[in-house]
Number of protein chains: 6
Amino acid sequence: MTRHDGRTPQQLREVRITRNWLDHAEGSVLVEFGRTRVLCAASFTEGVPRWLKGRGTGWVTGEYEMLPRSTNTRGDRESRKGKVGGRTHEISRLIGRSLRAVVDTKALGENTIVVDCDVLQADGGTRTAAITGAYVALVDAVADARARGLIAPSAEPLTGSLAAVSVGVVAGEAVCDLDYPEDSTAETDMNVVMTGEGAFVEVQGTAEGAAFDRALLDRLLDLATDGCAELTRRQQEALDAPARERVL
Amino acid sequence: MTRHDGRTPQQLREVRITRNWLDHAEGSVLVEFGRTRVLCAASFTEGVPRWLKGRGTGWVTGEYEMLPRSTNTRGDRESRKGKVGGRTHEISRLIGRSLRAVVDTKALGENTIVVDCDVLQADGGTRTAAITGAYVALVDAVADARARGLIAPSAEPLTGSLAAVSVGVVAGEAVCDLDYPEDSTAETDMNVVMTGEGAFVEVQGTAEGAAFDRALLDRLLDLATDGCAELTRRQQEALDAPARERVL
Amino acid sequence: MTRHDGRTPQQLREVRITRNWLDHAEGSVLVEFGRTRVLCAASFTEGVPRWLKGRGTGWVTGEYEMLPRSTNTRGDRESRKGKVGGRTHEISRLIGRSLRAVVDTKALGENTIVVDCDVLQADGGTRTAAITGAYVALVDAVADARARGLIAPSAEPLTGSLAAVSVGVVAGEAVCDLDYPEDSTAETDMNVVMTGEGAFVEVQGTAEGAAFDRALLDRLLDLATDGCAELTRRQQEALDAPARERVL
Amino acid sequence: MTRHDGRTPQQLREVRITRNWLDHAEGSVLVEFGRTRVLCAASFTEGVPRWLKGRGTGWVTGEYEMLPRSTNTRGDRESRKGKVGGRTHEISRLIGRSLRAVVDTKALGENTIVVDCDVLQADGGTRTAAITGAYVALVDAVADARARGLIAPSAEPLTGSLAAVSVGVVAGEAVCDLDYPEDSTAETDMNVVMTGEGAFVEVQGTAEGAAFDRALLDRLLDLATDGCAELTRRQQEALDAPARERVL
Amino acid sequence: MTRHDGRTPQQLREVRITRNWLDHAEGSVLVEFGRTRVLCAASFTEGVPRWLKGRGTGWVTGEYEMLPRSTNTRGDRESRKGKVGGRTHEISRLIGRSLRAVVDTKALGENTIVVDCDVLQADGGTRTAAITGAYVALVDAVADARARGLIAPSAEPLTGSLAAVSVGVVAGEAVCDLDYPEDSTAETDMNVVMTGEGAFVEVQGTAEGAAFDRALLDRLLDLATDGCAELTRRQQEALDAPARERVL
Amino acid sequence: MTRHDGRTPQQLREVRITRNWLDHAEGSVLVEFGRTRVLCAASFTEGVPRWLKGRGTGWVTGEYEMLPRSTNTRGDRESRKGKVGGRTHEISRLIGRSLRAVVDTKALGENTIVVDCDVLQADGGTRTAAITGAYVALVDAVADARARGLIAPSAEPLTGSLAAVSVGVVAGEAVCDLDYPEDSTAETDMNVVMTGEGAFVEVQGTAEGAAFDRALLDRLLDLATDGCAELTRRQQEALDAPARERVL
């Protein structure tokens with residue numbers, strides 16, 4: 001049995017990670033999972049929010065938003081509606097929580113990194129693409145801060161790497177990295193965030209239609225583990241290759 | 001090794017389910033998991049939101065909110081802040097999604113049920129208590145609607161039962177139904193929503209500190225499965241016992 | 001002539017005052033006037049709002065809100081609507097102003113007490129029940145603060161007691177403590193807040209239909225005076241009886 | 001004993017009522033109580049809000065707001081703060097309720113009148129000046145609608161006249177029509193809205209400092225009755241005199 | 001060819017500038033361009049916004065808003081809608097920017113002047129009337145501050161005078177100071193703010209219908225230059241005449 | 001005298017126009033003026049807003065927003081602040097107004113085109129880049145609609161082309177297409193929108209420091225005219241070249 005775009009069940013879409021897509025941001029990545037395109041900008045700022053001051057620890061958070069015409073049909077801007085929707089909040093919180101799982105905030109010192117993940121084009125898997133790209137932007141922002149002497153040479157704020165992928169059941173079959181047509185018909189849908197060492201950071205599974213049993217859950221976790229491992233390799237390749245010079 | 005309140009790892013807190021705690025609501029439950037106390041009110045209304053009209057299907061959703069002094073320190077009201085916070089949104093969405101997993105919206109007809117889950121007192125596990133109570137309120141609201149002829153005698157909008165529990169790792173040990181002192185120190189935290197038949201509806205696991213491996217994930221899912229099974233029994237007992245008469 | 005529930009014109013509904021209904025709040029009361037049920041939680045905090053700092057005086061305020069299904073038909077949450085309605089504002093202000101009338105803010109010291117009055121079930125008279133319950137919660141919160149050494153033994157922040165009742169003209173007859181069916185058909189409606197010594201703190205009368213003359217106003221004030229005196233006795237009985245121990 | 005501006009206890013400030021101050025509004029009044037200056041604009045519109053449609057009755061409401069520099073110190077605009085404050089809500093509701101007490105909405109037909117009361121300069125008594133001016137603007141708007149054939153010649157939407165005054169205790173003495181210096185030091189403060197026939201529409205009394213007894217309440221009501229009667233005469237004089245022609 | 005109200009193309013409407021229309025505001029002007037009537041209140045406050053502190057410079061800004069019934073048809077209040085509209089923002093920014101063009105903020109010292117421009121009645125040209133009146137109110141506020149010793153005798157915060165007028169093409173002819181009937185049918189519309197010395201501060205031209213060529217632009221700028229010169233004379237006359245005494 | 005990046009006064013930065021940068025949008029352009037990078041997405045929808053229904057005319061509007069890290073220092077999202085800022089409103093309105101100047105809404109039929117202009121990277125001139133790109137996206141969206149039969153073959157909704165450029169005085173010299181370092185030190189700043197035929201659509205000039213005289217205004221308009229003509233050529237080249245195929 002084949003997927004609508006010819007992929008095997010465990011196969012990812014084409015992944016592209018373009019570093020330093022922006023000039024101002026300390027780290028930035030245009031990440032693409034097939035047609036899904038997310039711009040991840042990591043902003044490094046000295047100092048921390050008021051509630052953290054004086055503790056010697058830093059802060060890392062994320063913000064997610066979709067451009068109005070990233071989707072097939074135009075959506076209204078949340079800024080015009082005057083309020084941030086539940087889905088946006090939920091994904092922003094997921095991104096921040098996930099990034100903090102691989103950050104040693106003590107080693108970061110009293111500095112803040114905000115990673116903005118703006119979806120330029122959506123075709124399913126925007127949150128997992130965002131996390132996968134955000135990690136690479138984070139690495140570059142930390143390196144930039146270190147180069148500018150804002151992080152001590154001996155300090156290592158990053159304790160591991162981070163990748164994320166969606167898995168789900170489409171037309172009765174467990175598959176990895178669902179695109180929008182798959183996602184919108186999936187019976188079960190799970191987003192999994194893992195470290196480069198294969199440990200789980202977040203597991204969020206939802207029965208869209210029928211509830212799922214333990215065997216299926218296990219099958220999905222296997223797929224996600226393989227998918228994240230592959231994404232970890234792609235991130236490493238991107239980080240090993242020379243990045244575009246930022247124009248300052 | 002013992003938990004701070006003397007429970008065994010798999011042991012739930014004292015669970016109390018009081019039906020028809022309110023008079024106006026078609027179904028209502030005051031659910032208590034130890035000191036956590038959530039008022040679940042299911043409101044049945046004829047008709048559906050505009051975007052569903054004319055399709056012959058109903059709608060079920062949930063709203064969650066905490067009273068300002070449900071917590072140890074008073075929190076500001078979201079109504080005064082003028083916006084609903086991310087956590088509130090996230091949990092409201094979880095409740096609604098979970099309830100819809102056991103509802104046949106065709107059988108419900110063009111009717112809407114909103115289940116409001118207001119936390120009167122919080123001591124950990126408010127979202128799982130809310131879901132567990134909301135299901136019972138939903139059953140009563142459906143029965144009330146059927147008694148009033150708003151749902152056909154032959155239609156069965158409920159396709160199963162629903163319970164939820166939190167599991168996590170506290171001081172290195174996997175435990176079930178965390179209270180606030182446990183929750184605030186947990187290394188890993190997972191909320192699991194299951195049907196009465198033991199299938200998964202939602203699995204949401206988060207590494208608060210270190211990422212977790214597959215063996216631990218499996219141990220936590222085992223605990224959650226047992227916990228939800230026990231809660232299913234308590235729900236059934238509550239539904240089998242006669243409920244207080246509503247004063248109309 | 002009899003009222004629809006058999007009460008005499010001056011008769012209150014059944015009044016129940018349950019102290020320490022919550023564990024976290026320094027003072028809390030579940031107050032019931034018949035089916036009307038309001039949860040009053042008094043939160044004591046050291047310090048005062050910025051605009052009062054350094055003057056050696058404390059601050060007492062109130063916040064009122066109705067749960068969405070406290071009413072016969074579900075109402076939308078003000079937090080979701082993004083703004084607090086006029087009625088909610090008006091009643092919150094009334095509660096705060098009334099409480100301050102029996103508080104010596106100098107004796108309170110630079111401390112703040114917020115009394116949250118959340119209507120769990122509404123059947124008329126929610127604002128008067130809220131004030132009546134809030135006073136009892138305030139007494140307990142002050143006692144708790146004194147026991148913890150946050151108020152000097154010799155200081156007495158409370159200068160009197162406070163109770164409130166509604167009076168109005170229903171079917172041509174002046175009656176006390178209107179329930180919802182009475183309130184919704186009343187021609188004139190008045191809310192009166194009084195001290196335990198029988199002095200007026202607030203008098204708010206509204207001609208819903210025809211304007212009212214001085215004789216009727218006098219009759220309503222007489223009824224309110226008797227009603228508040230009776231409520232003062234019930235408050236005192238509740239405060240004299242031993243309260244449930246809070247689980248801390 | 002004399003008041004700070006030389007008035008006797010029962011004496012009103014200089015009252016000026018200028019009709020048709022605006023050209024667009026169907027009725028408009030610039031009302032002045034001493035330095036307090038409120039612009040009242042009555043807008044007549046055919047049709048009613050959605051929730052009233054098809055019942056054959058009209059709707060009358062009021063909106064109150066203060067210009068930022070109407071007060072001694074500039075206040076922030078509520079539009080910039082993004083929310084309407086409690087005091088503004090409370091007074092708007094009072095104005096609307098009071099006006100409706102002298103309107104027969106059946107006779108008005110399915111038409112809406114909104115009376116906007118914008119405080120151009122505040123020196124105490126803005127809400128009572130607003131109501132007193134709003135009534136005159138309402139009379140003119142009704143006459144204009146009748147002249148345009150929007151109200152039947154035989155229909156009389158106005159069932160009486162309406163005036164309002166503040167009374168209070170300043171430096172131990174009961175006085176009428178408090179200006180700002182008096183209002184800000186008053187021990188007790190009451191706003192009274194009455195019909196031209198001397199019946200009460202609204203009575204709102206507040207103990208700012210000490211609670212007040214029945215004798216004082218009676219004294220204040222006497223003063224208010226006289227004050228409103230005098231205002232009723234001034235309104236009638238203004239309505240009897242020819243008004244400026246609106247430039248259309 | 002004549003304009004609908006008989007004016008020549010370059011002729012302004014009747015201009016009236018009434019100083020000290022308010023008592024509280026340090027400077028205030030009721031400015032009228034024909035039926036357009038704007039109340040400009042300049043509030044002088046010691047101190048500057050947080051972001052300017054310690055630089056030894058002051059701040060001048062403007063806020064514009066329309067009363068709901070200033071227009072032919074009543075508009076909803078922005079405070080009730082919970083957000084300030086784009087047009088209001090745009091004009092407020094224009095007023096503030098224009099005023100700052102004739103202010104030496106160093107000479108002003110660390111003081112703030114906010115000029116509120118509230119449109120009481122609108123008949124076209126409200127923004128240009130607002131700027132023209134705001135300048136006069138600003139002069140008076142500066143004089144008041146100097147009289148109170150808040151600005152050094154030798155310091156001169158005002159570097160020039162400021163007036164504004166609208167010009168446009170109506171029925172094929174370039175005209176000055178458009179009223180509403182002209183404005184709503186204009187093909188091209190331009191607002192020009194100039195100093196008393198004839199230099200440009202703001203030029204904002206918009207092709208409502210067809211784009212306009214350079215020759216027409218030149219013709220409009222000529223008209224605006226003449227109109228602003230005339231307004232400058234009117235401002236000077238108003239400032240030379242004795243103003244009403246403020247009642248403090 | 002040379003500009004900081006070596007350009008002559010009249011020289012534009014490097015301009016790049018990439019069509020069909022997105023797959024979903026009916027027309028989309030990534031437009032670059034040097035480092036300034038704006039994503040313009042034109043969304044074609046059948047139907048018009050409620051207030052235009054039944055008139056047989058279409059609607060074209062624009063929305064502008066900056067990504068949080070488009071700027072040198074990260075800015076807060078307007079969606080999180082809960083309100084759209086004045087500058088964003090002002091520019092959105094400018095874009096919409098400009099586009100409508102070259103659209104025949106009758107020929108468009110009852111269809112709506114929204115052009116979203118999201119600034120991915122800001123280095124001065126974002127609004128002029130946005131308008132220049134938006135026009136090209138608009139052309140493609142109209143062509144797409146025509147290809148799908150939503151616009152009649154004989155109808156021509158576009159009446160001309162549109163380009164925009166900023167001009168200003170930097171270090172005493174009039175220059176064209178200011179980048180951020182120039183813009184932030186400019187004494188006078190003007191944005192000019194013109195048709196391809198050289199007529200003016202919008203002229204917005206602001207004296208940031210000293211007011212400017214007519215001779216300077218003329219010089220700036222000359223520069224803008226040349227700049228817009230050059231941009232018109234670039235737009236035409238982009239439209240003449242084959243565009244990337246959208247992946248649908």
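Since the model is a prediction, treat every value here as computed from it, not as a measurement. Reckoned from all heavy atoms, side chains included, excluding hydrogens, waters and symmetry mates.
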Contacting region of D/V84 [heavy-atom separation from chain C under 4.5 Å]: backbone
Verdict with reasoning, D/R97 to C/T206, per side-chain contact (heavy atoms from CB on, under 4.5 Å): CA-CA 8 Å; D/R97 223 161 47 219; C/T206 298; 3.8 Å; yes
C/E90 side, atom CD; D/S92 side, atom OG - distance, nearest 0.5 Å: 10.5 Å
Residue pair C/K83, D/K83: steps toward the side-chain contact (heavy atoms from CB on, under 4.5 Å) verdict: CA-CA 7 Å; C/K83 53 184 167 185; D/K83 53 183 167 188; 5.6 Å; no
Atom group of C/L216 that falls short of 4.5 Å from chain D, counting heavy atoms: neither
C/F212 side, atom CZ; D/M194 side, atom CE - distance, nearest 0.5 Å: 9.0 Å
Region of C/D222 that comes under 4.5 Å of a non-hydrogen atom in chain D: both
Side chain to side chain, C/R87 and D/R93, heavy atoms closer than 4.5 Å: yes
Max heavy-atom pair count under 4.5 Å with chain D, selected residue of C/A211, C/G205, C/A207: C/G205
Side-chain donor or acceptor of D/R214 paired with backbone N/O of C/D218 under 3.5 Å: yes
Atom group of C/V102 that falls short of 4.5 Å from chain D, counting heavy atoms: neither
Contact leader toward chain D among C/N191, C/T195, C/L221, where contacts are heavy-atom pairs under 4.5 Å: C/L221
Min side-chain heavy-atom separation C/F200-D/L217 under 4.5 Å: yes
Whether over 12 other heavy atoms sit under 6.0 Å from D/E156 CD: yes
